[in-house]
Amino acid sequence: DLASLPDLALGDVLVAPNAGPLWTPFFAILGGLVLDGGGVTQHAAVTVREYGVPAVIGTRNATRCIPDGVWVRVDGTAGTVLWEPRG
């Protein structure tokens, strides 16, 4: 549902339960992608790699742990996500 897609700015890290094909146009502006569900062969994981965007998929609880508005660092190679308050 396009109405449920969040406002995203260039360089934002998207932290979401999952990301289907409707999200694909947003991958080009993302600074990173962190998903609770999915695996390395799902559509979002494969497509975001094509854009060169770091991603960590299948965290199970990122949306419950990472509050909105914090600085997020995503290392897709190491599979780590770090966050800290802004300011």
Side-chain angles (χ1 to χ4, degrees):
D1 178 13
L2 288 173
S4 67
L5 297 177
D7 289 331
L8 292 170
L10 182 64
D12 280 354
V13 173
L14 175 63
V15 180
N18 217 326
L22 283 177
W23 293 90
T24 304
F26 296 98
F27 291 167
I29 66 165
L30 291 181
L33 177 67
V34 180
L35 298 179
D36 289 344
V40 295
T41 59
Q42 83 171 65
H43 178 267
V46 172
T47 307
V48 81
R49 280 195 300 264
E50 292 176 6
Y51 285 100
V53 174
V56 176
I57 311 293
T59 65
R60 289 184 248 158
N61 63 358
T63 57
R64 289 190 306 270
C65 296
I66 302 172
D68 191 29
V70 297
W71 291 104
V72 178
R73 179 174 298 175
V74 180
D75 185 332
T77 303
T80 58
V81 180
L82 304 172
W83 66 93
E84 61 186 66
R86 289 185 184 214

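Closest of all the heavy-atom pairs between Cys65 and Trp83 is O-CZ2, 3.5 Å. Taking both residues in full, the closest heavy atoms of Trp71 and Pro85 are given as CD1-O, 3.6 Å, listed atom of the first, atom of the second, then distance. Among all heavy-atom pairs drawn from Val56 and Gly76, the shortest one is CG2-CA, 4.4 Å. Minimum interatomic distance between Ile57 and Ala45 (heavy atoms only, all atoms of both residues): CG1-CB, 3.9 Å. Minimum heavy-atom separation, Val40 to Arg49: O-NH2, 3.2 Å. Of all heavy-atom pairs spanning Ala44 and Leu35, the tightest one is CB-CD1, 4.0 Å.
Here CG of Leu8 is found 6.0 Å from CZ of Phe26. Values are rounded to the nearest 0.5 Å. Here the CD atom belonging to Gln42 is positioned 5.0 Å from the CG atom belonging to Asn18, to the nearest 0.5 angstrom. With rounding to the nearest 0.5 angstrom, the OH atom of Tyr51 is 11.0 Å from the CD1 atom of Ile29. Of the inter-residue distances, the one linking Asp36 atom CG with Arg64 atom CZ reads 6.5 Å to the nearest 0.5 angstrom.
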So Trp23 and Leu33, side chain to side chain contact (heavy atoms under 4.5 Å, CB included) or not? Walk me through it.
-> CA-CA 11 Å; Trp23 293 90; Leu33 177 67; over 6 Å; no
Carefully, step by step, assess Val72 and Val81 under the rule side chain to side chain contact (heavy atoms under 4.5 Å, CB included).
-> CA-CA 7 Å; Val72 178; Val81 180; 3.8 Å; yes
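Cluster membership check: Leu30 does not share its hydrophobic cluster with Val46, using side-chain heavy-atom separations under 4.5 Å among Ile, Leu, Val, Met, Phe, Trp and Tyr. Leu10 and Val53 fall within the same hydrophobic cluster, where Ile, Leu, Val, Met, Phe, Trp and Tyr residues are linked whenever their side-chain heavy atoms come under 4.5 Å apart, directly or through other members. Hydrophobic clustering (side-chain heavy atoms under 4.5 Å, transitive across Ile, Leu, Val, Met, Phe, Trp, Tyr) keeps Leu14 apart from Ile66.
Annotation for Arg86: atom CZ counts as buried by contact number, over 12 foreign heavy atoms lying within 6.0 Å. Summarising the local packing, CG of Asn61 is surrounded by more than 12 heavy atoms from other residues, nucleotides or ligands at distances under 6.0 Å.
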